[in-house]
2 protein chains.
Amino acid sequence: MGWELKTDRPIYAQLIEQIELRICAGIYPPGSRIPSVRDLAQEASVNPNTMQRALAKLEEDGLLYSHRTSGRFVTEDTEMIRKTRNKLAKEQVQVFLKKMKDLGFEYGEILSIISDLAEEMME
Amino acid sequence: MGWELKTDRPIYAQLIEQIELRICAGIYPPGSRIPSVRDLAQEASVNPNTMQRALAKLEEDGLLYSHRTSGRFVTEDTEMIRKTRNKLAKEQVQVFLKKMKDLGFEYGEILSIISDLAEEMME
DNA sequence: ATTATTGTATTAGGTGCTTAATACAATAAT
DNA sequence: ATTATTGTATTAAGCACCTAATACAATAAT
């Protein structure tokens, strides 16, 4: 999963979401060290300041912590990660259902559209 | 459906989406006149320039057209509206499924979460 | 001890978005 | 004819975001 940054939203916000996602998906496992600010910034082709801003927010939330010179690490609190994952999933579903409802789709229609598109996407 | 504007994305982009949504949902019916730029701006509590920007984009797309002094109207092309609605729905589903997949959810799990939350949301 | 790497902080400049304040042009309403 | 309303355009200011260029502090590595 590469860094997918669009221009229609603040980059730092997108970085927060994508790093959060990597933690929840286990790409950055609990307790593991993540790359340095500068390395991550280069990976994502953004300014180190922008990456630092995103990391500081995740640290504030408790998903990351830093050791002054040895680097930054994912929390060992797997329960917090699990809750975060569930919270994100619930938000996704709610936003999705609201938009579909606003577009005038019924519950049954939504399920059939999903099943149509899910095959090509969920492998 | 009031104007729900968040601060994490450009306002004009959100206005485009919400007006598009109103057209697709039939709140602004085909051929009908929509409120003036100034009135819409006041409704949404935004600057007239910002509203104008959104309307200009929808006009460029063909969903709206304007008569110099009598106002702005929704296209009579119901086929275009139908296609737009389907395009938006497909996009929503794809974005949703991708995010859920990235979070590590299987197809079956997604369906069960939806059915859990759908009751309280869909009517 | 010295060096390199880490997180962190500061300053300056550029860009896009939004608002505010006008103004103009066209035409519907009176 | 005059007035009011419509879409449209212009200019200036403020703000948030992003980048660039540094610099500092702490400590792991040598």
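Letters A, B, ... mirror the listed sequences (proteins, then strands); counts begin at 1.
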Exercise. Who are the salt bridge (charged side-chain N to carboxylate O under 4.0 Å, His left out) partners of B:Glu60, not counting sequence neighbours?
Worked result: none
Problem set entry | Atom-to-atom span, CE of B:Met51 to P of D:dT8 - whole angstrom | 14 Å
Do any side-chain atoms of residues 45-56 of chain A form donor-acceptor pairs under 3.5 angstrom with protein atoms, and if so which ones, sequence neighbours left out?
unit_1  : atom_1 : unit_2  : atom_2 : d
A:Asn47 : OD1    : A:Asn49 : N      : 2.9
A:Asn47 : OD1    : A:Asn49 : ND2    : 3.2

For this session: Respond yes when some side-chain nitrogen or oxygen of B:Ser66 is under 4.0 Å from OP1 or OP2 of D:dT8, and no when none is.
Result: yes
For this session: Could you check how far NZ of A:Lys57 sits from P of C:dG7, rounded to whole Å?
Result: 19 Å
Problem set entry | side chain to side chain donor-acceptor pair (under 3.5 Å) involving A:Ser66 - partner list, sequence neighbours excluded | A:Glu59
Exercise. Excluding sequence neighbours, so at least two apart, what forms side chain to side chain donor-acceptor pair (under 3.5 Å) with B:Lys99?
Worked result: none
Exercise. What is the distance, rounded to the nearest whole Å, between atom CZ of B:Arg72 and atom P of D:dG7?
Worked result: 6 Å
Seminar exercise, completed: Of A:Pro10 and B:Ile34, the one whose closest nucleotide on DNA chain D sits nearer the 5' end is B:Ile34
Seminar exercise, completed: Those residues at least two apart in sequence (or on a different chain) that pass side chain to side chain donor-acceptor pair (under 3.5 Å) with A:Arg38 are none
Seminar exercise, completed: Encoded 5' to 3' (Watson-Crick or G-U under 3.5 Å; [ ] crossing; | other strand), DNA chain C becomes ||||||||||||||||||||||||||||||
For this session: Assign a letter to each nucleotide of nucleotides 20-30 of chain D from its 5' end: B, base within under 4.0 Å of a protein heavy atom; S, sugar-phosphate only; -, no contact.
Result: BB-B-BBS---
Exercise. Taking the side chain of B:Thr50 as heavy atoms from C-beta outward, which of D:dT8, C:dT6, C:dT19 is closest to it?
Worked result: C:dT19
For this session: Take the protein atom NE2 of B:His67 and the nucleotide atom P of D:dG7, then report the distance between them rounded to whole Å.
Result: 12 Å
Seminar exercise, completed: Residue set satisfying salt bridge (charged side-chain N to carboxylate O under 4.0 Å, His left out) with B:Asp39, at least two apart, ordered chain then number -> none
Exercise. Which one of B:Gln18, B:Met1, B:Gln92 satisfies the side-chain contact (heavy atoms from CB on, under 4.5 Å) criterion with A:Asp102?
Worked result: B:Met1
For this session: Using whole Å, report how far OH of B:Tyr65 lies from P of D:dT6.
Result: 16 Å
For this session: Give a yes or no on this: more than 12 heavy atoms of other residues, nucleotides or ligands lie within 6.0 Å of atom CD of A:Glu109.
Result: yes
Exercise. In whole Å, what is the span from the CG atom of A:Leu40 to the C1' atom of C:dT6?
Worked result: 13 Å
Result block: side-chain N/O donor-acceptor pairs under 3.5 angstrom for residues 3-11 of chain A, not counting sequence neighbours:
unit_1 : atom_1 : unit_2  : atom_2 : d
A:Trp3 : NE1    : A:Glu43 : OE1    : 2.9
A:Arg9 : NH2    : A:Glu17 : OE1    : 3.4
A:Arg9 : NH2    : A:Glu17 : OE2    : 2.7

Exercise. Mind checking who shares a hydrophobic cluster with A:Tyr65, ILVMFWY linked at side-chain heavy-atom distances under 4.5 Å?
Worked result: A:Phe73
Exercise. Tell me: CD of A:Glu60 to C1' of C:dG7, nearest whole Å?
Worked result: 16 Å
Could you list, one pair per line, each protein nitrogen or oxygen that sits under 3.5 Å from a nitrogen or oxygen of nucleotides 13-16 of chain D, together with the distance?
none

Problem set entry | Non-neighbouring partners of B:Arg33 that pass side chain to side chain donor-acceptor pair (under 3.5 Å), sequence neighbours left out | none
Seminar exercise, completed: Whole-Å distance, B:Gln52 CD to C:dA20 C1', equals 16 Å
